[in-house]
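Contents: one structure, followed by commentary.
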Amino acid sequence: METENLNQNLVLEGRKAVLEALNHEKPIDRILLRRDKDKPLEGTLRLIAAKARERRIVVQEVERIKLDNTSESGHHQGVIALCPAIPYATIPEILAIAESRNELPFVIVLDGITDPHNLGAVIRTAEAGGAHGVIIPKRRAVGLTGTVAKTSAGAISHMAVARVGNITRTLEELKSAGLWVTAADMDGQSLYTSDLKGPIALVLGAEGEGLSRLVKEASDFVVSIPMRGQMSSLNVSVAAGVLIYEVVRARTNL
């Protein structure tokens, strides 16, 4: 799939189009519905909201101006579905990729990245570093948008990305599969004295906020990147590059 084609069909507009997409189980990240003051949803919009929630798709009720600004056609009829640039993978599919390559699993878990440029950059580095998949949450995080596709410079076509409802439960699932969950945080032990040779799920937190408490507690180890200057942290995509290639270095020396 060419990078320039990944931006197609990301915004699905109109009541009939969105309802058809729901009925045919088209992958949808979230649905934006027009919110009228003091009036409940009615008719087709109410049906769309119900069907979306049945499929556990995030539904956001927004002001008309939000829909107008998001619309590409100008004829949204009060509803827009935001679809992923490519279909999402599952965690078993990601682990199967590692098995098919006869490699120890290497997974990147992102705890709430909201900037599409950061997500695209992380996916690009993960693919270059030989990771088998990237895991992102459904809520309070960016999905596989056109901007993510462009920023990844085509890597999104070669990297399995899973989208999960609960990161903490997902970490437990990865532990059960034999992976060591290694989180990146400022108060961890130095990255350069840590053992990163085994099956690993590398967890990075959101821009500014870092890791959530529950995610940090669910991790087996916490590592940090030594900071030698006056700055106390790195941009998340830069930090991901440092961490991913330390795993590459450790595995190269096996």
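- Rounded to the nearest 0.5 angstrom, I200 CD1 and H132 NE2 are separated by 12.5 Å.
- Taking 4.0 Å as the cut-off between side-chain N and carboxylate O, K51 and E54 do not count as a salt-bridged pair.
- Residues V107 and I167 are members of one and the same hydrophobic cluster, defined by side-chain heavy-atom contacts under 4.5 angstrom among Ile, Leu, Val, Met, Phe, Trp and Tyr.
- The one candidate from R56, R163, R55 that meets the salt bridge (charged side-chain N to carboxylate O under 4.0 Å, His left out) condition with D29 is R163.
- Rounding to the nearest 0.5 Å gives a distance of 5.5 Å between CG of L33 and CG of L45.
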Self-check item: From CA spacing to verdict: side-chain contact (heavy atoms from CB on, under 4.5 Å), V62, T70
Solution: CA-CA 11 Å; V62 300; T70 304; over 6 Å; no

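- Grouping the Ile, Leu, Val, Met, Phe, Trp and Tyr side chains by contacts below 4.5 angstrom, directly or via other members, places L144 apart from V164.
- Cluster annotation: V58 and L82 are assigned to distinct hydrophobic clusters (Ile/Leu/Val/Met/Phe/Trp/Tyr, side-chain heavy-atom contacts under 4.5 Å, transitive).
- Note on Y245 and L243: same hydrophobic cluster, where clusters join Ile, Leu, Val, Met, Phe, Trp and Tyr whose side-chain heavy atoms are under 4.5 Å apart, directly or indirectly.
- With respect to K216 and D111, no salt bridge is recorded, no charged nitrogen being found less than 4.0 Å from a carboxylate O.
- Both F106 and L204 belong to a common hydrophobic cluster when Ile, Leu, Val, Met, Phe, Trp and Tyr are linked at side-chain heavy-atom distances under 4.5 angstrom.
- Between E172 and K175 a salt bridge is recorded (basic side-chain N to carboxylate O distance below 4.0 Å).
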Practice problem: Determine, step by step, whether L104 and R251 satisfy the side-chain contact (heavy atoms from CB on, under 4.5 Å) criterion, reporting the C-alpha distance in whole Å, the side-chain angles of both residues, the deciding distance to 0.1 Å, and the verdict. | Solution: CA-CA 9 Å; L104 296 175; R251 291 183 168 206; 3.8 Å; yes

